[in-house]
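Within every chain, numbering begins at 1; the chains are lettered A, B, ... in the order of the sequence lines, protein sequences first and strands thereafter.
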There are 2 protein chains.
Amino acid sequence: MHASKMAGHLIRRMNQISTHVFSQRMQAEGRDLTPVQFAALDAIIANPGIDQASVAARIAYDRATIGGVIDRLEQKGYVERTVSRRDRRAREVRATKLGQKEFDAILPIVEALQNDVLAGLNDPEKELFRTLAQKVIDYDAG
Amino acid sequence: MHASKMAGHLIRRMNQISTHVFSQRMQAEGRDLTPVQFAALDAIIANPGIDQASVAARIAYDRATIGGVIDRLEQKGYVERTVSRRDRRAREVRATKLGQKEFDAILPIVEALQNDVLAGLNDPEKELFRTLAQKVIDYDAG
DNA sequence: GGAATTTAATAAGTATAGATACTAAATAGG
DNA sequence: CCTATTTAGTATCTATACTTATTAAATTCC
């Protein structure tokens, strides 16, 4: 089998296409969020006061990477961190008003661009792809 | 739609699983090659004397990234670079004997682990997944 | 054939992505 | 209650991954 036909290569290329579509669209809309920053902000808004380790667990990142991602969200003024009173090691993360506003504006854009990521597939194929991908991920999660 | 069900997220997670399986297996076999380094070495062995820009084009990377990847392959003694006589800007890249030997040893391992990447799917589903992924990529390539 | 453009590679900068090690704080076990 | 372990976050290191800028060389084209 040639390397370019292997599952790993195909997945890497799709990830490349996906992140490229994402950043192109964000730039076109005058927004400044990466795919990972969007995923983190989504998890934070869905769970106000969540700690960083839980954000990492939810979107399947390691703690070191998520620390940097939340640093950048904080620099942009989209989230705030406060030391937890229950556990002084933990930082509770919440979206700011600006972060919520930005997320509300970006969510429909992100939803719309999902279709472009799989532009080579028709609707039933898109659905099938998502089903198969979900199976791969669920199996890995145990 | 929730973020964790979006195509971009599913693809990112699969890429994570894929690279994780790859590095785990390499480590278990006492080898030291990343997925990208393997892809680059594969392209170089298939096209001896290829220049860096062509390696980048073949495996869909930008030139800046591929420069670093080939740096590391060179450090490991797997490839050699020589200035092209036809075009003094270009560097011709070739695998060394050690690089060829290492590739021959690693290829069957990499082929075998492809199945584990899609471990959540049965054989027809694996085939279907690859077909759909190829469609997504081919459409993007134009 | 000389200027304008393009191209190969590198450099610098930002953002993942994960491994490892470290600090501080919480919890478990005896 | 005190030690041992675990856990949250940060820091450090390596490796992608892409953008923009720079240098040098090749090509275009008028």
* To do: Measure the acute angle between the ring planes of B:F38 and B:F22, then classify it against the limits of 30° and 60° as parallel, tilted or perpendicular.
  =>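 Rings of B:F38 and B:F22: tilted, 30 to 60°.
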* Nearest-nucleotide wise, let me know which of B:Q75 and B:R63 is further upstream toward the 5' end of DNA chain D. =>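 Its nucleotide being nearer the 5' end, the pick is B:Q75.
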* **Closest-nucleotide ordering on DNA chain D, the 5'-leading residue of A:D71 and B:Q37** =>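 So the residue in question is A:D71.
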* Asked: Which comes earlier along DNA chain C counting from the 5' end, the contact point of A:P35 or that of B:H20, where each point is its nearest nucleotide?
  ->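 By nearest-heavy-atom nucleotide position, the 5'-most residue is A:P35.
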Tell me: [atom1] of [X] to [atom2] of [N], nearest whole Å?
{"X": "B:D87", "N": "C:dT6", "atom1": "CG", "atom2": "C1'", "result": "12 Å"}
{"X": "B:D51", "N": "C:dA8", "atom1": "CG", "atom2": "P", "result": "7 Å"}
{"X": "B:Q24", "N": "C:dA19", "atom1": "CD", "atom2": "P", "result": "7 Å"}
{"X": "A:I50", "N": "D:dA8", "atom1": "CD1", "atom2": "P", "result": "12 Å"}
{"X": "A:R12", "N": "D:dA17", "atom1": "CZ", "atom2": "C1'", "result": "10 Å"}
{"X": "A:L33", "N": "C:dT14", "atom1": "CG", "atom2": "P", "result": "18 Å"}
{"X": "A:I70", "N": "D:dG9", "atom1": "CD1", "atom2": "C1'", "result": "11 Å"}
{"X": "A:Q16", "N": "D:dC18", "atom1": "CD", "atom2": "C1'", "result": "10 Å"}

Counting the atoms with a prime plus P, OP1 and OP2 as sugar-phosphate, which does [X] contact under 4.0 Å by heavy atoms, base, sugar-phosphate, or nothing?
{"X": "A:A90", "value": "sugar-phosphate"}
{"X": "A:D62", "value": "base"}
{"X": "A:A53", "value": "sugar-phosphate"}
{"X": "B:T65", "value": "base"}

For [N], does either OP1 or OP2 sit under 4.0 Å from a side-chain N or O belonging to [X]?
{"X": "B:T34", "N": "D:dT16", "answer": "yes"}
{"X": "B:Q52", "N": "C:dT10", "answer": "yes"}
{"X": "A:T19", "N": "C:dT16", "answer": "no"}

* Check: A:R89 side chain, C:dA25 base, donor-acceptor under 3.5 Å ->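 Result: at least one qualifying N/O pair found.
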Counting only side-chain heavy atoms from C-beta out, which of [options] sits nearest to [X]?
{"X": "A:V36", "options": "D:dA17, C:dA26, C:dT16", "result": "C:dT16"}
{"X": "B:R91", "options": "C:dA9, C:dA15, D:dG9", "result": "C:dA9"}
{"X": "A:R88", "options": "D:dC18, C:dA25, D:dT16", "result": "C:dA25"}
{"X": "A:R72", "options": "C:dA19, D:dA17, C:dT16", "result": "C:dT16"}

* Asked: Any salt bridge between A:D71 and A:R81, counting N to O under 4.0 Å?
  ->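 A salt bridge is present here (some side-chain N lies under 4.0 Å from a carboxylate O).
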* Using a distance-only test with no angle check, is there a side-chain donor-acceptor pair under 3.5 angstrom linking B:Q75 and B:R72? ->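 B:Q75 vs B:R72: no donor-acceptor pair found between side chains.
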* Distance only, no hydrogens: is a donor on one side chain within 3.5 Å (strictly under) of an acceptor on the other, for A:D51 and A:S54? ->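 Indeed, the side chains of A:D51 and A:S54 share at least one donor-acceptor pair under 3.5 Å.
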* Please confirm whether the backbone N or O of B:A7 pairs with a side-chain atom of A:Q114, one donor and one acceptor, at under 3.5 Å? =>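 Yes, A:Q114 side chain to B:A7 backbone: donor-acceptor pair under 3.5 Å.
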* Between the main-chain N or O of A:Y78 and the side-chain N or O of A:E102, is there a donor-acceptor pair closer than 3.5 Å? ->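 Not a single qualifying donor-acceptor pair exists.
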